[in-house]
Amino acid sequence: MQKVDVIIIGAGAAGLMCAATAGYRGKQVLVLDNAKKAGRKILISGGGKCNFTNLKVEPRHYLCQNPHFVKSALARYPSSQFIELIERHGVDYEERKHGQLFALNSAKDILDVLLTECDWAGVDIKLKTEIISIEKNDTGFVLQTNSGTFCCDSLVVATGGLSMPKLGATPFGYQIAKQFGLKVLPTTAGLVPFTWHQSEKTLFEPLSGISMPVAVRSVSGVEFKEDMLITHRGLSGPVMLQVSSYWQPGEPIYINLLPELNIVESLNELREQQPKMSLKNALSRLLVKRFVEAWLAHQKFNDCPLNQISHSEWSRLSQTLGCWPLLMNGTEGYRTAEVTLGGVDTNELSSKDMSAKHVPGLYFIGEVMDVTGWLGGFNFQWAWASAVACGMSEDL
């Protein structure tokens, strides 16, 4: 039986960051993961470039049943500190729009920083290790695995959520929480593309690949302005991923197709300048022509000259261009979701160090808990911040 101070379950972003942090404090740390490689989700994130943080991180960028929970950790480990870390390792990076930071060369550069830090901090990482059982005794925890028995004073759960099961995502972290009596909130896919109903699929599927800037609002009133991408299966692109985290099954989404224009003024101007122009050709000056054809058919507008459109239809046209109510069939689910909404109830945890309030020595960090960031590097920043808060805990 091997005895260590801390066992961390999960060799992802949060797990590795926490391991290095605790290791530098002189703790003997063992990281266990059933995967063949550490940090698989890091490697595929951001199109292989890893959107590792954001320059403008605020608590409002996170969904959590307890919105105050994230404030402490984010304040104590801001994005500037992770930027300093990768700069010390000589990693080149670039800023894209909305303050998003990406590795310039490869996501592997970010993973290499974490693995190097773990190495320098004396962390032991065991991969291809399946945990069979976990028990708590008077001195800590005992883990039975396919690689033997390990015991520790403190156990950190950094298993992630259910998104991208092909990368090894499982509900194991939630099972551990439930085993020790912690409440787990219902989970669902977040930052995920929408899928069509069959009627819309027939109309819009041929437009796959078209991208356009729009504003999209959820029933709850949250609005994002970004690019929308039409796919074979439905709607994607940054704006749809963002609003998906605020969407409930059965609810419509509301799309402003011309968010940069005063739609009423623009339409009136077109009608004054070209009264005999067809509606399709007029709208094609503002939107992609192939999309206009499908959209007019979907909304049942007749393609007649602008000066022949009735007052009521003219009003409906301007209103629908600015607020197109669209009922999607659903989302693509965990298969392509970037994150998991819900998870371990943060009311069960200390916001200072992520420890379970009623189970001494047990901690949860990263995506396994009910904290979900917006698209744009916010989820990685939560991984770093929650990991450091845990790794610095005096009780760890």
Side-chain angles (χ1 to χ4, degrees), residues 9-10 12-15 18 54 57-77 156-164 169-192 216-224 241-251 253 330-331 333-334 337-359 362-390 393:
I9 305 175
C18 183
N54 195 292
V57 178
E58 298 174 23
R60 69 182 182 89
H61 296 128
Y62 294 86
L63 290 81
C64 179
Q65 293 279 359
N66 175 6
H68 299 292
F69 181 82
V70 301
K71 292 179 179 177
S72 173
L74 292 175
R76 281 156 49 221
Y77 193 83
V156 180
V157 181
T159 50
L162 298 173
S163 50
M164 299 188 183
T170 73
F172 188 52
Y174 310 136
Q175 292 164 5
I176 297 171
K178 289 175 181 176
Q179 176 187 337
F180 290 102
L182 278 71
K183 183 180 178 183
V184 177
L185 300 174
T187 59
T188 186
L191 300 182
V192 62
V216 182
R217 179 168 51 85
S218 68
V219 168
S220 64
V222 178
E223 183 175 279
F224 295 96
L241 299 187
Q242 292 280 40
V243 84
S244 72
S245 292
Y246 293 87
W247 175 83
Q248 299 293 327
E251 290 182 351
I253 52 175
T331 72
Y334 294 119
E338 297 203 13
V339 292
T340 304
L341 294 158
V344 178
D345 189 345
T346 56
N347 290 314
E348 302 273 7
L349 308 173
S350 160
S351 62
K352 184 186 177 189
D353 64 4
M354 311 297 135
S355 60
K357 292 176 180 176
H358 305 298
V359 187
L362 183 62
Y363 299 77
F364 292 83
I365 58 174
E367 194 186 341
V368 71
M369 70 176 84
D370 172 41
V371 175
T372 305
W374 287 8
L375 189 72
F378 299 104
N379 287 291
F380 273 120
Q381 185 56 35
W382 176 248
W384 316 137
S386 61
V388 170
C390 175
S393 172

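This chain uses plain numbering: 1 for the first residue, then up along the sequence. We use all heavy atoms of the structure for the numbers below, so side chains are in, but hydrogens, waters and symmetry mates are not.
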Non-hydrogen atoms of [X] and [Y] that approach each other most closely:
X	Y	value
Met354	Ala389	CE-CB, 4.2 Å
Thr340	Leu162	OG1-N, 2.8 Å
Val368	Val157	CG1-O, 3.8 Å
Tyr363	Asp353	CD2-O, 3.3 Å
Thr159	Phe172	CG2-CD2, 4.3 Å
Ala169	Ser163	CB-O, 3.2 Å

Excluding sequence neighbours, so at least two apart, what forms ring pair (Phe, Tyr, Trp, His ring centres under 6.0 Å) with Tyr77?
-> none
Kindly write out the residues that satisfy ring pair (Phe, Tyr, Trp, His ring centres under 6.0 Å) with Phe378, not counting sequence neighbours, or none if the list is empty.
-> His61
Any side-chain heavy atom of [X] sitting closer than 4.5 Å to one from [Y]?
X	Y	value
Leu349	Leu182	yes
Phe69	Met369	yes
Trp247	Thr331	yes
Val243	Arg217	no

Test side-chain contact (heavy atoms from CB on, under 4.5 Å) on Glu367 and Val339 and set out the steps.
-> CA-CA 7 Å; Glu367 194 186 341; Val339 292; 3.9 Å; yes
Could you measure the distance from the [atom1] atom of [X] to the [atom2] atom of [Y]? Nearest 0.5 Å is fine.
X	Y	atom1	atom2	value
Gln242	Trp374	CD	CH2	6.5 Å
Leu191	Asn379	CG	CG	6.0 Å
Thr188	Leu341	OG1	CG	6.0 Å
Ile176	Leu362	CD1	CG	8.0 Å
Arg76	Leu74	CZ	CG	10.0 Å
Asp370	Tyr62	CG	OH	13.5 Å

Would Asn347 and Lys183 satisfy side-chain contact (heavy atoms from CB on, under 4.5 Å), going step by step from the backbone distance to the final call?
-> CA-CA 9 Å; Asn347 290 314; Lys183 183 180 178 183; over 6 Å; no
Count the heavy atoms belonging to other residues, nucleotides or ligands that lie under 6.0 Å from NZ of Lys357, then report whether that count exceeds 12.
-> yes
Side-chain donor or acceptor of [X] paired with backbone N/O of [Y] under 3.5 Å:
X	Y	value
Ser245	Gly190	no
Ser386	Gly366	yes
Thr187	Gly342	no
Glu251	Gln248	yes

Verify whether one side chain among Thr346 and Gln65 offers a donor that lies under 3.5 Å from an acceptor in the other.
->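 Looking only at side-chain atoms, Gln65 and Thr346 do not form any donor-acceptor pair under 3.5 Å.
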By side-chain contact (heavy atoms from CB on, under 4.5 Å) - contacts of Val222 (at least two apart) |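 With sequence neighbours excluded, Val222 shows a side-chain contact (heavy atoms from CB on, under 4.5 Å) to Ser218, Ser220, Phe224, Tyr246, given in chain and number order.
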